[in-house]
Structures are given as C-alpha cells and as structure tokens.
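Whatever order the structure lists them in is the order used to number ligands and atoms, beginning at 1. Numbers here are sequence positions counted from 1. Please read these numbers as outputs of a predicted model, since none were measured by experiment.
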Amino acid sequence: MTFANGARGVGGLLICLIAWAGMLHAQTLEVQSPGGQLKVQFQLKEGVPYYRATFGQSPVILPSRLGFRLKGAPPLKDHFKIAKKQRTSKDETWTQPWGEEKQIRNHYNELRILLEETGNLHRRMAVVFRAYDDGFGFRYEWPEQPNLKHFEIMDELTEFVLSGDHTAWWIPAFQRNRYEYLYRKTRISQIASDSIRAVHTPVTLETTDGLYLSFHEADLTDYSSMALAPVGDHTFTCELFPWWDGVKVRADTPHRSPWRTIQIARDPGGLITSHLILNLNEPNKLGDVSWVHPFKYVGIWWGMHIGKYTWASGEKHGATTENTKRYIDFAAKYGFYGVLVEGWNVGWDGNWIENSDSFRFTQPYPDYDIEELSRYAASKGVKLIGHHETSAGIENYERQMDDAFAFLKKYGIEAVKTGYVGHGRGIKWHDAQGNVHYEWHHGQFMVRHYRKVVKKAAQYRVMLDVHEPIKDTGIRRTYPNMMTREGARGQEYNAWSAGNPPEHTTILPFTRLLAGPMDFTPGIFDLYFDQYRPQFRVHTTLAKQLALYVVLYSPWQMAADLPENYEANPRPFKFIVDVPVDWEFTRVLHARIGDYVTIVRKDRNSDDWYLGSITDENGRTLKAKLDFLEPGRKYVAEIYADGPDADYQTNPLAIDIRERLVDSNTTYTIRLAPGGGQAIRFRPATAAEERVIAPYREPTTP
Ligand code: NOJ
Ligand code: CA
C-alpha cells in the first residue's frame with residue numbers, strides 16, 4: 001500500500017496520526033426517505049467509501065463497500081476525500097402513457113457526494129443516493145476529467161452486506177438458458193454452498209426480521225448487467241457480465257452506472273406496488289407516443305410449440321397465407337388487435353439456432369403472401385405483428401435492421417416481437433481485424449445492441465416485445481415503445497418440457513415481474529394437447545389460466561391457444577375477450593411468495609375492476625374485502641372459479657362460471673383448487689340487473 005510506504009519519519013508519523021484521527025471520525029452523511037422510515041448513510045473511513053441502510057428498527061444493509069477495479073490503472077476504491085456534497089428533493093406525480101398504474105408519485109430525497117482522490121491523480125467519482133419510502137437506489141457517476149478519460153472496469157466492488165442469512169428466491173446467472181430457470185427458495189448461505197457463482201436480479205429476500213427486500217437495477221444503459229455473487233451467509237457482491245476479454249465495462253467520461261436498487265416492504269405485496277425502478281429512470285425521451293398502445297393479440301405460435309405447425313417451410317408450415325387469414329378472421333371476430341406470425345421469413349429451415357446468419361428480415365417464404373395479407377388484415381381492421389427471430393445473430397440482424405423496420409412500415413406493421421435464442425456465452429461478433437469474439441446476452445455488448453433496437457424501432461414508430469431479452473430495468477419510462485419482454489420461463493416450457501410447476505407463477509410476481517412487464521402468454525385451454533404432444537401438459541387448472549391475465553402484468557397479452565380451442569369454449573373465452581390490458585390502479589389483496597397471490601386492477605377505460613387470484617399446488621380459501629369498489633354502487637361479479645372438484649392434476653378443466661351482485665361492503669371468499677386460480681370481472685350493474693341477479697352470499701363452511 002502506497003500509504004504505508006510513505007509513512008516514514010516525522011512526516012510519516014504525522015500522516016499516521018491524521019489517518020488515525022480520520023478513523024475515529026469517519027465522515028458520515030445521511031439521507032432519509034420522505035417518511036423518515038428509511039435511513040441511508042454514506043461513510044468515508046480512512047478514505048474508503050461505504051454505505052449502510054436501516055428501515056424502521058431493522059438494519060437492511062450493514063456497512064458495505066463501494067468502488068471499482070480498473071484495467072491498467074489504480075482502482076477507484078480508496079484514498080478518497082469528500083470534495084462536495086449536494087442535497088435535493090423531489091415530489092412529483094407523472095403519468096404513464098400505459099401501464100399497471102396510471103399516476104406514479106416520485107417522491108425522494110437525494111444525496112450526491114463527489115469524491116476526489118487525495119493522491120496524485122485526483123480522479124473524481126460521485127455516488128448518488130435516492131431514498132424513497134419504498135426503498136432506495138444509488139449510482140456512480142464519473143465526470144469528465146483529465147486523469148479519467150477512457151477507462152475499463154474489471155470489477156465493480158459494490159457490496160450488499162445483509163443483516164442475516166435471509167431466505168432468497170433466486171435463479172442462477174451465467175447459465176446456458178439465460179433467465180429461463182425455475183426459482184429456488186433457499187437461505188443465502190445455501191446459494192454459495194451449492195457452488196452458484198451468482199444469481200440474476202431481481203432477487204427477492206425475506207429477512208430474518210420479517211422484511212421483504214428485492215435487489216435489482218434501474219436504467220441499465222451502456223453498462224454490463226449486474227448479477228449478485230453470494231459470499232458467505234449474508235453478503236452479495238456485484239458480479240458484472242464480462243466482455244470476451246474479461247473487461248466488464250468500457251466507458252468514456254462522462255459516464256455513469258445504472259442505479260443499484262433495493263425495494264423494501266413489510267409485506268410481499270408492497271414490492272409489487274412499489275415503482276422505485278420506474279421512478280429511477282428518466283422521463284419519456286420520445287415525445288409524442290400516441291402511437292404506442294397496449295393490446296391483446298393472437299398468433300401462429302403455440303401451434304409450433306406443441307408441434308401442430310413448424311416454423312420451417314414444408315407440409316406443416318404454420319405461416320401460410322391461408323392459415324394467417326384464418327387467424328385474422330378469428331382476431332377480427334373477437335376484437336383482438338393483431339396476429340403475430342412466426343416462421344414467416346426465410347431462415348428457419350435446418351438448425352435455425354446455429355444458422356443465425358441465414359435469417360432474412362425482408363424475405364417472406366413463398367407461401368406467405370405478405371402483400372395480400374396486409375391488404376386482408378387491413379380490410380378486417382386487424383394488424384399483423386412482426387417477428388424478428390435473430391437466434392442471437394447480431395451482426396446479421398444489425399446489417400438488415402433498417403430494411404427490416406422499413407419493411408414492417410411498408411406493410412402497416414406497428415409492433416414486432418424480437419427473439420435472441422442462443423446459449424450461454426454464445427453471441428458471436430467480429431472486431432475490425434476480423435477476429436471472432438463471443439459474448440453473453442447480459443454484458444455491455446448486448447446491452448448496447450438491445451438499446452439500439454429500441455431506438456431504431458422508435459424511429460420507425462414500432463412497439464417492441466423482446467424475447468431472450470436483457471432484463472427490464474424500467475427503461476419503458478424513457479422509451480415507452482419498449483413494452484414487454486420474456487426473460488423468464490414462460491408458458492412455452494409447458495409445451496415441450498416437464499413444464500412449470502404450479503408455484504412458478506406464484507413466484508414470478510415477486511421476482512421477475514418486479515423488473516417490468518412479462519409476455520408470459522397465458523390462456524391455454526387445451527391443457528393436455530394430447531393430439532399433438534401427449535407426453536407434456538400445462539400444470540394449472542383452466543380458471544388459473546384466466547387469472548394469469550390479471551396477475552402477470554403485460555401491456556401485450558396473448559390469447560395463446562389455438563383458435564379452435566377458444567371457439568370450443570366460448571364461456572371461459574369471454575373473460576379473455578373482456579380483460580383489459582391497460583390499468584388505472586393496481587392493488588394486492590393477498591401475497592405469500594411461492595404460495596398464492598391475489599391482485600385487483602382497475603381498467604383505465606371503464607369503471608370495471610378485475611381480480612386474479614392464483615395458488616401453488618395447494619388448494620386454499622382466501623377472503624377478499626371488495627372495498628376497492630366504489631361505495632354505494634352495485635356491481636355484477638362475473639366469476640370464473642375452479643369447479644368444486646377441480647384439481648390441476650386430476651380435473652383441471654372443471655370451471656364454475658356464474659354472476660353475483662356485490663358491492664364495496666362484500667367480503668368475498670375465493671376458493672382455489674390445488675394448482676388453481678380464479679378470475680373475476682366486476683362491472684357496474686344496470687338497474688335491471690340489480691333486480692334479477694342473485695346477491696353474493698358467503699358460503700357456509702361445512
Ligand atoms: C423463443 C420465444 O420465447 C418463443 O416465443 C418463440 O416462439 C421462439 N423463440 C421462436 O422464435
Ligand atoms: Ca408453495
């Protein structure tokens with residue numbers, strides 16, 4: 001350490017004394033949340049920056065280090081002094097152009113600390129904290145300066161030292177299948193003992209003193225995404241995804257990191273209604289976004305996953321002109337916005353995952369007459385939805401990108417689903433010398449690519465749904481055309497694998513969905529699809545498929561099953577036709593991570609409310625107070641409940657559909673079968689309905 005080497009003679013003694021005094025009087029700066037519950041402290045001890053946080057009486061983060069290791073330059077982690085501190089506050093309410101909540105309050109206190117090295121280099125780095133009542137965020141900023149121009153981060157040293165060996169819901173990072181894993185629930189100590197290098201965020205914890213915390217990041221821009229490495233039994237450290245050469249982030253000043261975010265709630269439902277991540281993103285940069293709007297869609301999609309159709313050309317090709325017309329007719333009949341067509345373009349023949357360079361984004365297969373289909377769709381008031389499967393062939397896609405978006409526009413297509421199927425560190429690119437390199441989906445290289453596509457799409461006024469995406473960090477606030485994404489195990493896993501166990505969807509709202517909307521694609525009615533793939537099935541009841549439309553928020557919601565399965569079941573299908581995709585309010589009525597969750601949401605465009613309640617493999621009864629309804633008003637509850645003897649394993653199709661009159665004084669009993677769910681539409685009753693529809697009566701317990 002240079003410090004010790006210099007500490008010789010009288011001068012050295014003096015330095016030692018100063019250092020000792022500094023240790024005794026570590027400089028501490030505090031910022032509190034507006035309500036005062038949350039206190040975040042910054043500390044400089046002997047020139048080393050730390051932070052800590054407490055919520056009420058509970059420590060949330062114990063003193064944890066901040067800083068960086070750089071390539072070819074001394075680390076930015078110690079020998080600092082505080083050059084400047086600034087406090088600001090904000091209390092504003094902003095409107096989401098679309099979303100799960102219309103008005104969002106952004107209320108925080110900010111503390112910005114500019115650090116400067118005391119050595120020769122005088123490099124500067126700021127740490128900015130924002131304290132909210134529902135958690136906090138902090139980010140690093142590197143101002144423009146003579147001794148820090150281009151720099152390369154080898155490691156972000158940010159620590160999260162926790163107050164105990166908490167329970168965590170997590171998926172592993174640095175894996176073959178990106179974010180597509182089942183969540184595990186273990187103590188933190190178990191993650192390390194299972195030799196897991198790091199977990200993806202959001203990772204959600206229940207602390208030993210009963211708080212719920214979720215760790216994630218906001219505004220991931222030109223940086224690598226953060227996984228969390230477990231250290232011992234109560235610490236996570238930041239683990240960034242490296243470039244091919246081990247560098248984590250390449251940057252030029254001025255630059256800044258994403259926000260590191262910690263959402264805090266006393267009950268798990270509070271995590272769902274926290275808007276910390278969105279608030280930490282910048283406001284809309286696109287200006288007029290009247291062309292961006294949520295919708296419901298159908299598609300030539302599930303048919304491929306269950307093997308009825310193929311993406312590739314041939315006898316079973318799904319994307320034919322004739323088949324697409326059938327889907328357009330179906331969409332028109334039931335009022336769906338659009339039809340997604342996968343497998344429409346050249347590139348799917350052979351091993352499309354390996355032959356990513358063969359995809360052509362402006363060249364339809366010969367049996368897909370896009371000219372005719374765009375005319376036909378327009379005549380029916382339906383939109384085609386584009387599909388760009390890149391299979392992670394980034395160079396191939398970027399070369400064609402402008403043409404690809406111009407092609408969409410030419411055919412009146414306003415929305416595109418993109419895809420990046422590719423495994424592990426498998427994203428190939430060539431540098432200027434022609435050398436080949438391989439990258440993760442989650443490193444800075446791909447963060448840049450995904451953002452480039454968002455901006456390109458905006459330039460052409462196209463809405464986006466990204467599969468195999470970079471995780472959502474709230475950039476939909478800044479770029480509202482970046483609407484939804486996959487980034488977890490969705491419905492498709494039920495089509496061709498052991499599938500998702502019932503508890504999976506009771507964990508998603510508290511983990512993956514905290515990052516942002518998910519295109520899960522609910523609504524499978526033919527839960528066994530025996531005709532196509534008898535060895536697999538969907539592990540829910542039918543009613544639970546309906547409930548997922550309310551529970552798993554997405555501004556694009558797919559009616560994922562084959563049209564024939566909906567036509568055969570018009571009564572439950574009515575719920576999918578009715579359910580909105582744009583909400584004014586969201587409330588969580590019941591929440592136990594991995595067990596059950598009940599969410600109610602109010603439609604933005606009517607007085608209706610919708611309820612979705614789901615359970616894991618255990619049946620249960622939950623009581624819901626309907627006090628969210630407008631007082632003094634009668635509502636018709638259109639109830640889609642598990643039948644009395646429903647069970648996801650033995651009798652998943654039993655559904656009980658009925659109407660009852662309710663009001664804001666009603667206490668409603670939600671019965672959920674094992675692996676089941678319930679969906680309800682509440683709509684204001686007409687005078688005639690008030691007379692004829694039976695009032696709801698609480699069931700008498702046997
Ligand atoms: C994976 C996506 O998640 C899925 O929706 C899509 O059908 C396939 N890739 C093919 O692009
Ligand atoms: Ca459970």
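Between Trp556 and Phe295, the ring center distance clears the sub-6.0 Å criterion.
Using a 4.5 Å cut-off on side-chain heavy atoms (C-beta onward), Val551 and Thr505 make no contact. Counting heavy atoms from C-beta on, the side chains of Val436 and Lys428 come closer than 4.5 Å.
Residues forming a ring-ring contact (aromatic ring centres under 6.0 Å, His included) with Tyr450 (at least two apart in sequence, or on another chain): Tyr420. Residues meeting the salt bridge (charged side-chain N to carboxylate O under 4.0 Å, His left out) test with Glu342, sequence neighbours left out: Lys417. Looking at residues two or more places apart in sequence or on another chain, you find a salt bridge (charged side-chain N to carboxylate O under 4.0 Å, His left out) between Glu567 and Lys333.
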Write out each pair where an N or O from ligand 1 and one from the protein are under 3.5 Å apart, with the distance.
{"from": "ligand 1", "atom 1": "3 (O)", "to": "His467", "atom 2": "ND1", "distance (Å)": "2.7"}
{"from": "ligand 1", "atom 1": "3 (O)", "to": "Glu468", "atom 2": "OE2", "distance (Å)": "3.3"}
{"from": "ligand 1", "atom 1": "3 (O)", "to": "Glu486", "atom 2": "OE1", "distance (Å)": "3.4"}
{"from": "ligand 1", "atom 1": "3 (O)", "to": "Glu486", "atom 2": "OE2", "distance (Å)": "2.8"}
{"from": "ligand 1", "atom 1": "3 (O)", "to": "Glu492", "atom 2": "OE1", "distance (Å)": "2.9"}
{"from": "ligand 1", "atom 1": "3 (O)", "to": "Glu492", "atom 2": "OE2", "distance (Å)": "3.4"}
{"from": "ligand 1", "atom 1": "5 (O)", "to": "Trp301", "atom 2": "NE1", "distance (Å)": "2.9"}
{"from": "ligand 1", "atom 1": "5 (O)", "to": "Lys417", "atom 2": "NZ", "distance (Å)": "2.7"}
{"from": "ligand 1", "atom 1": "5 (O)", "to": "His467", "atom 2": "ND1", "distance (Å)": "3.4"}
{"from": "ligand 1", "atom 1": "5 (O)", "to": "Glu492", "atom 2": "OE1", "distance (Å)": "3.3"}
{"from": "ligand 1", "atom 1": "7 (O)", "to": "Trp301", "atom 2": "NE1", "distance (Å)": "2.9"}
{"from": "ligand 1", "atom 1": "7 (O)", "to": "His305", "atom 2": "NE2", "distance (Å)": "2.9"}
{"from": "ligand 1", "atom 1": "7 (O)", "to": "Glu342", "atom 2": "OE1", "distance (Å)": "2.5"}
{"from": "ligand 1", "atom 1": "7 (O)", "to": "Glu342", "atom 2": "OE2", "distance (Å)": "3.3"}
{"from": "ligand 1", "atom 1": "11 (O)", "to": "Glu389", "atom 2": "OE1", "distance (Å)": "2.6"}

